[in-house]
Amino acid sequence: MTEHDERQGLFWDVLAGRVAPPPAAETLGWQLVSVDPARGTIEVAFEASERFVNPAGVIQGGFLAAMLDDTLGPALVATLPEGQFAPTLDLHVQFLRPARPGRLTGRGRVVQRGREVCFLSGELSTPDGKTVAVATATARIQTLP
């Protein structure tokens, strides 16, 4: 039995195969690299498809923003107990350089966690370590119906 099988909650249920992954994560090629709920950190990988390119041949910014949202959110959601979720209230992205199709790595962290409102930050980088975009987000912890 792995840690994924023992822990409960949406994030862990997806990793253990008890719940299907979100279609958006599948579209983005989301893969968990590492997660540390105690520290509120996560590292994930994405496979930026040729289908994500704009007319200039680089990944369209909306896909990079979605990747960052799907990095920062899980950094927090992995820390939550069963029955809670934390939708993003605000996402601010800064694009630093073009990204090409292929593997991109997202690193996210919980900066500050309150009872309901949490602040997150992270970055998306290329395989050679160049940062292509950074983001901050605000999320609100909610109990699922």
Side-chain angles (χ1 to χ4, degrees), residues 1-49 52-54 58-145:
M1 185 176 267
T2 68
E3 177 185 9
H4 302 218
D5 296 326
E6 296 170 11
R7 298 201 58 160
Q8 299 292 313
L10 281 175
F11 178 84
W12 302 102
D13 290 346
V14 169
L15 290 182
R18 295 185 293 265
V19 175
E26 288 183 325
T27 297
L28 296 173
W30 190 97
Q31 299 172 343
L32 178 66
V33 175
S34 65
V35 62
D36 185 343
R39 294 183 65 204
T41 61
I42 196 166
E43 183 175 334
V44 296
F46 298 95
E47 193 57 40
S49 167
F52 300 172
V53 301
N54 63 21
V58 296
I59 304 301
Q60 194 266 343
F63 286 103
L64 298 176
M67 290 175 192
L68 282 161
D69 192 33
D70 223 357
T71 299
L72 278 56
L76 174 59
V77 173
T79 71
L80 300 178
E82 186 174 17
Q84 289 189 331
F85 190 65
T88 302
L89 299 175
D90 176 72
L91 178 69
H92 178 79
V93 179
Q94 294 175 304
F95 303 102
L96 307 177
R97 64 176 38 88
R100 304 268 178 221
R103 187 176 175 93
L104 295 171
T105 300
R107 290 178 188 83
R109 62 202 149 278
V110 177
V111 175
Q112 184 171 338
R113 180 176 172 173
R115 271 183 273 146
E116 289 185 11
V117 177
C118 303
F119 300 96
L120 315 168
S121 70
E123 58 276 339
L124 196 60
S125 58
T126 62
D128 62 357
K130 293 182 179 172
T131 303
V132 297
V134 296
T136 57
T138 306
R140 182 172 179 257
I141 297 173
Q142 298 179 344
T143 300
L144 293 170

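Computation of the quantities below employed the complete heavy-atom set of this structure, encompassing side-chain atoms and omitting hydrogens, waters and symmetry-equivalent molecules. Worth saying up front: this structure is predicted, and the values here are computed from it rather than measured.
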- Hey, what do you get for CD1 (I42) to CG (L32), rounding to the nearest 0.5 Å? 5.5 Å
- Would you check, one step at a time, whether the test side chain to side chain contact (heavy atoms under 4.5 Å, CB included) holds for T105 with F46? CA-CA 6 Å; T105 300; F46 298 95; over 6 Å; no
- Taking all atoms of both residues into account, what is the closest heavy-atom pair of F11 and V77, and its distance? CB-CG1, 3.8 Å
Taking only distance into account, with no hydrogens and no angle test, what donor-acceptor pairs under 3.5 Å do side-chain atoms of residues 61-71 form with protein atoms, sequence neighbours excluded?
from : atom 1 : to  : atom 2 : distance (Å)
D69  : OD1    : T88 : OG1    : 2.7
T71  : OG1    : M67 : O      : 2.8

- R109 vs E123, side chain to side chain contact (heavy atoms under 4.5 Å, CB included): CA-CA, chis, key distance, verdict: CA-CA 10 Å; R109 62 202 149 278; E123 58 276 339; 3.0 Å; yes
- Task: Only pairs at least two apart or in different chains count here, so list each ring pair (Phe, Tyr, Trp, His ring centres under 6.0 Å) that has a residue in residues 91-132.
- Result: none
- Query: Nearest 0.5 Å, what's the CD-CG distance between Q8 and L80?
  - Reply: 14.0 Å
- Message: Quick check: do V53 and Q60 have side-chain heavy atoms less than 4.5 Å from each other?
- Response: no
- residues 120-145 vs ring pair (Phe, Tyr, Trp, His ring centres under 6.0 Å), sequence neighbours excluded, gives none
- Determine whether V134 and L96 make a side-chain contact, defined as any pair of heavy atoms from C-beta on separated by less than 4.5 Å. yes
- Message: If you compare all heavy atoms of G40 against all heavy atoms of A75, which two are closest, and at what distance to 0.1 Å?
- Response: O-CB, 4.0 Å
- Task: Over all heavy atoms of both residues, which pair between R18 and D13 is shortest? Give the atoms and the distance, please.
- Result: NH2-OD1, 2.7 Å
- Message: To the closest 0.5 Å, what do you measure between SG (C118) and CD (Q112)?
- Response: 9.0 Å
- Item | Pairwise side-chain contact, L104 with T126, heavy-atom cut-off 4.5 Å (strictly under) | yes
- Query: Is there a side-chain contact between R107 and S125, using heavy atoms and a 4.5 Å cut-off?
  - Reply: yes
- Query: Below 4.5 Å, heavy atoms only, C-beta onward: do W12 and E82 meet side chain to side chain?
  - Reply: no
- Which atom of P37 lies closest to which atom of A78, heavy atoms considered: CB-O, 3.8 Å
- Which pairs count as side chain to side chain donor-acceptor pair (under 3.5 Å) when at least one residue sits in residues 26-44, sequence neighbours excluded? Q31-R103
- What residues, two or more places apart in sequence or in another chain, satisfy salt bridge (Lys or Arg N to Asp or Glu O under 4.0 Å) together with R113? none
- Task: Run the numbers on L144 and Q84 for side chain to side chain contact (heavy atoms under 4.5 Å, CB included), then give the verdict.
- Result: CA-CA 5 Å; L144 293 170; Q84 289 189 331; 6.0 Å; no
- Among residues two or more places apart or on two chains, list those pairs meeting side chain to side chain donor-acceptor pair (under 3.5 Å) that have a residue in residues 130-144. E116-R140
- Task: Can you see which heavy atom on A86 is nearest to which on L76, and at what distance?
- Result: CB-CD2, 3.4 Å
- Note on the structure: Here the pair of heavy atoms bringing P98 nearest to V132 is O-CG1, 3.8 Å
